[in-house]
There are 2 protein chains.
Amino acid sequence: MSDVPLLQQLIDALRCLPGVGPKSATRMAFHVLERDREGGRRLAQVLASAVERIGHCSRCRTLTEHEVCRLCANPQRDRSVLCVVENPTDVMALEQATGFSGLYFVLGGRLSPLDGVGPGELGMEQLRQRLTGEEVKEVILATTTTVEGEATAHYVAQMAGSLGCAVTRIAHGVPLGGELEYVDSGTLAHAFAGRHRV
Amino acid sequence: MSDVPLLQQLIDALRCLPGVGPKSATRMAFHVLERDREGGRRLAQVLASAVERIGHCSRCRTLTEHEVCRLCANPQRDRSVLCVVENPTDVMALEQATGFSGLYFVLGGRLSPLDGVGPGELGMEQLRQRLTGEEVKEVILATTTTVEGEATAHYVAQMAGSLGCAVTRIAHGVPLGGELEYVDSGTLAHAFAGRHRV
């Protein structure tokens, strides 16, 4: 690689980031080199450190640089409610948007046998142990509404129900402030069928 | 900073890149950690190395990790033609698009006295020495058509003319394949006034 100019190597390396094509990568490389070397230096350090040190929480499987993540380690959190999500980003979104004070379990994907993703890959055994051994009273399902997400939710609901936990699912429907004419028909049909008495 | 989770530090650090807000930075961080640690490791290495080692070419002022850039060091390039551009990105764009075989001189900006950018900041003295001491016969102006870019072009043209070099400017007009109705009026007026006999 030593005969490729370092600038070109940098542009190529930036393309590992999602949504970054050749033009954006070039712009990023020149921006960092011409205007923000300090930011670039810091990004290089933090990125190297993050790639080496960040792993999965041994309790909830989210991303963390510690053995147990901050949420699981926090004694203030309500251990009787467990929210099951697909990805670590979902934990972050729920933490920012809601006042949820329980704990999470991150599956790391959804059931998709054709892609080789079965209950084992999603840590279902670990989830079962957690529901068996601990004082979890309610399991909140927050998986997506794709076919695979629904199948995953169904699997978790069956398991949690058989272990005596209450199972709930977050509401799906028309987004707040959403004009009906711009909402996709699947969502609208779902919201209409799921109407409830006021 | 040690009490901020490493993941959050990574998201914050990614925002030094242009066009990257909180959502994109989060997406990038999760993508690298969950799907492309090898790419992330390589980016961290190359970025650290680039920020430390890339400087400006002592002859043409473009970005390079060497004392003299590959273009200036190449004995095959035609030393009698010098193309004056504003930024290192312009060199890259011209190299990719044209068959130009001469050399470049990168000003690193354009004359803008109100922002404290005078001839000194743009290396005009270095350019003068180069036009005086070497066999440059033609200077090609490829600065932008902004007011500052035009002023810069005028300054370079005066200097090069007084030193006996031929001065040319790249053509400005309607882009190839451009529909007239979608071309901005400034470009269209310029193209109309600059019409030439066929």
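Residue numbers start from 1 in every chain, and the chains themselves are labelled A, B, ... in the order their sequence lines are given, proteins ahead of strands.
For chain B, the option among S24(A), G40(A), A44(A), P18(A) with the highest count of heavy-atom pairs below 4.5 Å is P18(A). The candidate from V32(B), L10(B), T64(B) with the greatest count of non-hydrogen atom pairs under 4.5 Å with chain A is L10(B). The choice from V46(B), T26(B), V51(B) that makes the most heavy-atom pairs within less than 4.5 Å of chain A is V51(B).
Only the side chain of L33(A) comes within less than 4.5 Å of a heavy atom in chain B; its backbone stays farther off. Proximity to chain B is limited to the side chain of E34(A), based on heavy atoms less than 4.5 angstrom apart. Only the side chain of R70(A) comes within contact range of chain B, with at least one heavy atom under 4.5 Å from a heavy atom of that chain. Using a 4.5 Å cut-off between heavy atoms, E38(B) makes no contact with chain A at all.
In this structure, Q126(B) contributes its side chain and S58(B) its backbone to a donor-acceptor pair below 3.5 Å. Within the 3.5 Å criterion, the main-chain N or O of V117(A) finds no donor-acceptor partner in the side chain of S112(A). When atom types are taken as modelled, the side chain of R110(A) and the backbone of V147(A) share no donor-acceptor pair closer than 3.5 angstrom. Side-chain atoms of R42(A) never come within 3.5 Å of backbone atoms of G39(A) as a donor-acceptor pair (strictly under, hydrogens ignored). Side chain of Q9(B) to backbone of V4(B): a donor-acceptor contact under 3.5 angstrom is found.
Residues of residues 88-104 of chain A lying under 4.5 angstrom from chain B, judged on non-hydrogen atoms, are P88(A), T89(A), M92(A) by number.
Scanning all heavy atoms of the two residues, the minimum distance from R61(A) to E121(A) falls at NH2-O, 3.1 Å.
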Practice task
Start with the C-alpha gap between T143(B) and V156(B), add the side-chain angles, then the distance that decides, and say whether side chain to side chain contact (heavy atoms under 4.5 Å, CB included) holds.
Solution key: CA-CA 10 Å; T143(B) 54; V156(B) 174; over 6 Å; no
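Cluster annotation: L63(B) and L107(B) are assigned to distinct hydrophobic clusters (Ile/Leu/Val/Met/Phe/Trp/Tyr, side-chain heavy-atom contacts under 4.5 Å, transitive).
A salt bridge does not link R79(A) with E135(A): every distance from a Lys NZ or Arg NE/NH1/NH2 to an Asp or Glu carboxylate oxygen is 4.0 Å or more.
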